[in-house]
Amino acid sequence: MPGFEVIGKEELQNLTKIFKYGGGVLFRFGFEKLRKNSYLVKKFEYKFRKKFGSKYSLAVSSGTAALRVALASLDIKKNDEVITQCFTFVATVEAIVESGALPICTEIDQTFNMCPKDLEKKISKKTKAVIVVHMLGVPANLKEIKKICKKKKIFLIEDTAWGIGGSFQKKYLGTIGDIGTFSFDFAKTLTTGEGGMLLFKNKNICKRAQAWHDHGHENKPRLKRWEDTRRSSGFNFRMTELQAAVGLAQLKKFDKIFLKHKKNKDKVLSVIKNIKHIKYRTIPKDSIDASESIIFSFSEESKAKLFRKKLLEYKYSTKILPEATTWHFAGHWKHIKSLDRNSVFDYPKSYELLKRSVSIPVSFSMKRSFPKILKNVILNIL
Ligand SMILES: *Cc1c(COP(=O)(O)O)cnc(C)c1O
């Protein structure tokens with residue numbers, strides 16, 4: 001979770017430059033004379049797609065917006081179905097609801113991500129897209145899921161909000177499906193306060209997304225903005241120059257963040273890996289995780305709850321599991337009316353696994369004493 005841990009003078013310098021040299025222009029389009037060639041959102045899009053190896057990119061106002069724009073660019077609408085997984089952040093399902101399509105959730109497996117077998121069962125004639133989530137940094141079983149989507153001719157979107165920097169078969173997460181979406185909210189690996197990004201394989205899908213996120217504007221270079229062409233309506237999910245200024249500084253820190261994360265995760269694992277009676281989350285073959293968290297399961301729910309309580313006594317916290325499943329597990333989403341499977345009993349396998357699992361956040365500035373404390377807390381409970 002280091003975005004906010006490493007925010008500092010580089011971000012401030014970039015922001016100041018907008019006012020010193022860029023005429024104080026905060027809008028991503030127009031004001032050609034005033035801005036003196038300072039196009040930060042455009043530059044952020046370029047640097048981001050170069051870094052993660054994609055041909056097309058679009059910056060937006062949040063990770064939730066990225067998901068909504070992704071669905072619009074694939075022309076998802078009423079009477080379509082979109083499948084995601086029951087363990088995710090509520091935004092994934094909200095984006096489907098907002099698109100007008102019916103949200104369907106699958107069970108998770110030992111990867112704590114979409115279960116490919118359940119995905120196959122839940123695909124219908126109406127299924128248009130799948131949103132797979134690399135929840136808390138571990139890649140989903142992309143090999144199987146991609147195969148299924150290809151066979152059924154269904155679009156694959158990767159919600160990479162937690163998976164940035166992780167990879168599958170040497171390709172970065174977010175570049176394997178048709179679209180990858182990213183979040184830069186304040187809890188994510190890179191932060192712009194609020195912000196998001198999409199990566200695309202296909203130029204036309206990217207073009208549709210660009211237009212839809214800006215009221216349908218096709219942004220024809222030779223036309224004035226008010227004379228611009230459009231083919232569909234859209235919405236406003238534009239990123240501002242302020243967000244991009246911060247994002248560019250954060251992106252420069254990414255490799256350092258990623259390595260430090262991995263190092264800290266490995267330090268923790270080296271101390272706790274031999275403890276018996278806890279079971280670690282599975283990382284799929286040929287996959288590298290984003291070192292966002294360490295998830296393991298106890299034999300029963302009471303132990304997971306006690307673990308969190310004991311850890312808090314040392315002023316350390318868990319992350320999402322076990323305390324925040326109400327926001328991250330579809331079994332608790334009775335308030336989403338179009339989600340017909342919204343009871344914990346609709347996802348029996350996932351519920352059984354989630355309720356006895358805990359997630360340890362990996363931080364940039366981890367204290368040296370943390371792995372030992374963690375080990376003692378676990379041993380104390382077993
Ligand atoms: C954070 C998050 C989002 C939403 O991103 P925002 O930038 O907060 O809108 C979507 N999906 C997942 C899995 C997330 O963790």
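Both counts, for ligands and for their atoms, begin at 1 and track the order of listing. Position 1 is the first residue of the sequence; numbering continues from there.
Atom CZ of Phe27 sits in a crowded spot, with more than 12 heavy atoms from other residues, nucleotides or ligands closer than 6.0 Å. Environment of NZ in Lys279: sparse, with no more than 12 heavy atoms of neighbouring residues, nucleotides or ligands closer than 6.0 Å.
Under the 4.0 Å criterion applied to side-chain N and carboxylate O atoms, Glu107 and Arg341 are not assigned as salt-bridge partners. Taking 4.0 Å as the cut-off between side-chain N and carboxylate O, Glu81 and Lys122 do not count as a salt-bridged pair.
Distance from atom 9 (O) of ligand 1 to its nearest protein heavy atom, with residue and atom name: Thr64 OG1, 2.5 Å. Closest to atom 3 (C) of ligand 1 among all protein heavy atoms lies Phe89 CD2, 3.7 Å. If you check which protein heavy atom lies closest to atom 5 (O) of ligand 1, you get Ser183 OG, 3.2 Å. Summary of contacts: the protein heavy atom closest to atom 2 (C) of ligand 1 is Lys188 NZ, 2.8 Å. The shortest contact between atom 8 (O) of ligand 1 and any protein heavy atom is with Asp185 OD2, 2.6 Å.
With Thr191, Asp159, Thr160 as candidates, the residue nearest to atom 10 (C) of ligand 1 on a non-hydrogen basis is Asp159.
Close contacts between ligand 1 and Trp162 involve ligand atoms 15 (O) [criterion: under 4.0 Å to a heavy atom]. Of all atoms in ligand 1, numbered sequentially from 1 with element shown, those under 4.0 Å from a heavy atom of Val133 are 13 (C). Residue Gly63 approaches ligand 1 through these ligand atoms, each under 4.0 Å from one of its heavy atoms: 4 (C), 5 (O), 6 (P), 7 (O), 9 (O).
Polar contact with ligand 1: absent for Thr88 (N/O pair, distance under 3.5 Å). Checked by distance only, ligand 1 and Glu194 stay at 3.5 Å or farther apart across all their nitrogen or oxygen atoms.
Ring pair Phe296/Tyr280 is perpendicular by interplanar angle, where above 60° counts as perpendicular and below 30° as parallel.
Gln250 and Glu11 share a donor-acceptor pair across their side chains, judged by distance under 3.5 Å alone.
With Phe254 as the fixed residue, the ring pair (Phe, Tyr, Trp, His ring centres under 6.0 Å) test singles out one of Phe52, Phe48, Phe182: Phe52. Among Thr181, Thr64, Asp159, Thr84, the one residue that satisfies the side chain to side chain donor-acceptor pair (under 3.5 Å) test with Thr92 is Asp159.
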